[in-house]
Amino acid sequence: MSKIHNFSAGPAVLPKEAIEESIDALRNFAGTGLSLLEVSHRGKEFVEVMDQACASVRELMGLTDEYAVVYLQGGASTQFLMVAMNCLQNKAGYLDTGTWASNAIKEAKLFGEVSVLGSSKETGYDHIPKGYTIPADLDYFHCTSNNTIFGTQMQEFPDSPVPMICDMSSDIFSRQLDFSKFDLIYAGAQKNIGPAGVTLVVIKKELLGKVNRVIPTMLDYRTHISKESMFNTPPVFPVFVVWRTLEWVKKHGLAEIEAINNSKADLLYSEIDRNGLFRGVAQVEDRSRMNVTFDLVDQQLSPAFLECCKEAGISGVKGHRSVGGFRASIYNALGLESVEALVDVMRNFKA
Ligand SMILES: *Cc1c(COP(=O)(O)O)cnc(C)c1O
């Protein structure tokens, strides 16, 4: 079978090694003679996996002991409510930069007042709002680093006078960042670091314990921090795959990963800008280096273009149903050669 270039937005492409190692663990986990799926999560072999998966996040982000790292279930969507339930007492500020951001706002409103500090909704979320100020009386400021559906990405983060919380689901570990600027970071694994079923949450511990509502045990970050993500049965398989994926990220280092991601994005955007048949969807300065949204100037050609993609083994480039057009998700594990294959199709596509 010829190679399939996987541009899916999520679940998405993972490092081949991480997949192979995970298959091995399904057959014989850490020399136990048992499948990873059959052993107790409290056994020393799995506890070691969980410890390593947390340690890798600390290492990659350069976190101090002020931060806790936990793996939770319920996806990034559950974080929309957990963030507010655990941290919103009176009022929080949110940036409305897309579908996921607006879902986060909707959930936060269940727990307190939400001030939308900036929104790009009016222009179809084609840019990141700028020039907003973050009032100092907020409990926190929430932003979405990369807008998976619309293809925009925050290139800079504000110096926030209040704790900064960020949904990094679709660009986590894709670039070097000063992670110490953030007080809480969350990411559903299935975009850039693993399969669906586990969510990474990094929390500065001093952020917690400041609201006076009753928080159900499972939804209280402190429960999971104190039990090192083992309060209840963790999703062992997704955690294992995340661990192996993070090992791969560490092997390359964030600097190298960022450089490759930049070359992939530059190659694709320059073809979109050069080739008269296509146009970009997001405003140039806010273009995402993870999810590249574009369209055909003549949309009637879409089925023909998708057919050419299919013939070249290019999968997953159809745009999100709410935006249309095309979206090429070029996450960490997607090689430059896959972007070259897509660019070749675009070059050879003649009206
Ligand atoms: C995919 C995505 C989500 C939703 O993640 P789930 O794990 O499916 O709940 C939230 N935020 C962003 C930025 C995403 O890309």
Side-chain angles (χ1 to χ4, degrees), residues 6-14 70-85 92 94-108 110 118-121 125-129 141-155 157 164-175 177 182 184-202 218-219 224 229 234-235 237-239 241-242 245 261 265 281-282 286-293 316-323 327-334:
N6 184 3
F7 289 88
S8 171
V13 60
L14 289 170
V70 288
Y71 286 97
L72 306 180
Q73 298 190 60
S77 300
T78 299
Q79 292 311 303
F80 298 160
L81 79 95
M82 270 180 85
V83 158
M85 188 181 252
Y94 277 69
L95 270 195
D96 177 23
T97 53
T99 307
W100 298 117
S102 70
N103 288 355
I105 290 168
K106 176 168 170 264
E107 295 303 295
L110 300 171
S119 174
S120 47
K121 190 174 181 181
Y125 293 120
D126 66 343
H127 69 285
I128 303 286
F141 164 68
H142 180 284
C143 57
T144 309
S145 55
N146 184 69
N147 299 286
T148 325
I149 294 176
F150 297 92
T152 62
Q153 187 175 27
M154 294 177 76
Q155 311 301 346
F157 292 89
M164 181 152 66
I165 297 183
C166 189
D167 176 358
M168 290 196 191
S169 294
S170 53
D171 67 351
I172 187 128
F173 299 132
S174 67
R175 55 180 167 173
L177 282 181
F182 302 90
L184 193 154
I185 294 168
Y186 61 91
Q190 71 276 15
K191 309 290 165 59
N192 217 10
I193 55 167
V198 73
T199 309
L200 169 64
V201 186
V202 171
M218 269 300 280
L219 296 177
H224 301 285
S229 309
F237 184 68
V239 171
V241 185
V242 169
T245 304
N261 285 337
V281 171
D286 297 324
R287 282 173 164 178
S288 167
R289 310 203 144 252
M290 289 279 102
N291 309 97
V292 177
T293 46
V317 290
K318 198 168 190 311
H320 188 272
R321 60 193 179 280
S322 66
V323 181
R327 170 176 54 171
S329 298
I330 53 175
Y331 297 121
N332 288 351
L334 185 95

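In listed order, ligands and their atoms are each counted from 1. Keep in mind that the numbers below use all heavy atoms, side chains included, and drop hydrogens, waters and symmetry copies. Given the structure is predicted, the values throughout are model-derived calculations rather than measurements.
No part of Y186 comes within 4.0 Å of ligand 1, judged by heavy-atom distances. If you look at T78 next to ligand 1, there are no close heavy atoms at all, none under 4.0 Å.
Using bins of under 30°, 30° to 60° and over 60° for the plane-to-plane angle, the ring pair Y186/F80 lands in the perpendicular bin. Taking the six-membered ring for Trp and thresholds of 30 and 60 degrees, F182 and F157 have ring planes more than 60 degrees apart, a perpendicular arrangement.
Shortest contact from atom 3 (C) of ligand 1 to any protein heavy atom: W100 CD2, 3.5 Å. Taking atom 9 (O) of ligand 1 as the reference point, the nearest protein heavy-atom neighbour is S77 OG, 2.6 Å. At the shortest separation from atom 11 (N) of ligand 1 among protein heavy atoms lies D167 OD2, 2.6 Å. Regarding atom 5 (O) of ligand 1, its nearest protein heavy-atom neighbour is A76 CB, 3.5 Å. Protein heavy atom in closest approach to atom 1 (C) of ligand 1: K191 NZ, 1.5 Å. Shortest contact from atom 8 (O) of ligand 1 to any protein heavy atom: Q190 NE2, 3.2 Å.
Heavy-atom minimum distance, M154 versus T144: SD-O, 3.5 Å.
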Under the side chain to side chain contact (heavy atoms under 4.5 Å, CB included) criterion, do S170 and Y331 qualify, and how do the steps go? CA-CA 8 Å; S170 53; Y331 297 121; 4.1 Å; yes
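For N146, the heavy-atom gap to ligand 1 drops under 4.0 angstrom. Contact analysis leaves M168 out of contact with ligand 1, as no non-hydrogen atom separation drops below 4.0 angstrom.
In the model, S329 has a side-chain atom that pairs as donor or acceptor with a side-chain atom of N291 under 3.5 Å. A side-chain donor-acceptor contact under 3.5 Å links N147 and T97.
Looking only at distances, no side-chain donor or acceptor of H127 sits under 3.5 Å from a matching main-chain atom of D286.
Listed by number with element, the atoms of ligand 1 under 4.0 Å from a non-hydrogen atom of G75 are 7 (O), 9 (O). Atoms of ligand 1 lying under 4.0 Å from any heavy atom of S169, numbered from 1 in the order shown and given with element: 10 (C), 11 (N), 12 (C), 13 (C), 14 (C), 15 (O). Residue F80 approaches ligand 1 through these ligand atoms, each under 4.0 Å from one of its heavy atoms: 10 (C).
Checking T148, N261, N146, L177 one by one against D171, the side chain to side chain contact (heavy atoms under 4.5 Å, CB included) holds for a single residue, N146.
Side chains of R289 and Q153 form a contact here, defined as non-hydrogen atoms less than 4.5 Å apart.
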